[in-house]
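Reviewing the structure listed below.
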Amino acid sequence: MLNSLKRYSMALFFLAVVIIFMLLGTLGVKEFGDNLFQEANITIKPKGEHVKL
């Protein structure tokens, strides 16, 4: 178990870094989009459809 962890430690580290960058990028794009809509004074109201079961 320890040998496997030593062998793949760099790969796991880079995988964690990539996941963190992806999350930060997603949050950044969301924040940027929210700021654009806030400056344009647009309110988005979702139209919900009621599904009868």
Contact check, side chains of D34 and K30, non-hydrogen atoms, under 4.5 Å: yes

Same apolar cluster (I L V M F W Y, side chains within < 4.5 Å links), V18/L23: no

Separation between CE of M10 and CG of L15, rounded to the nearest 0.5 Å: 12.5 Å

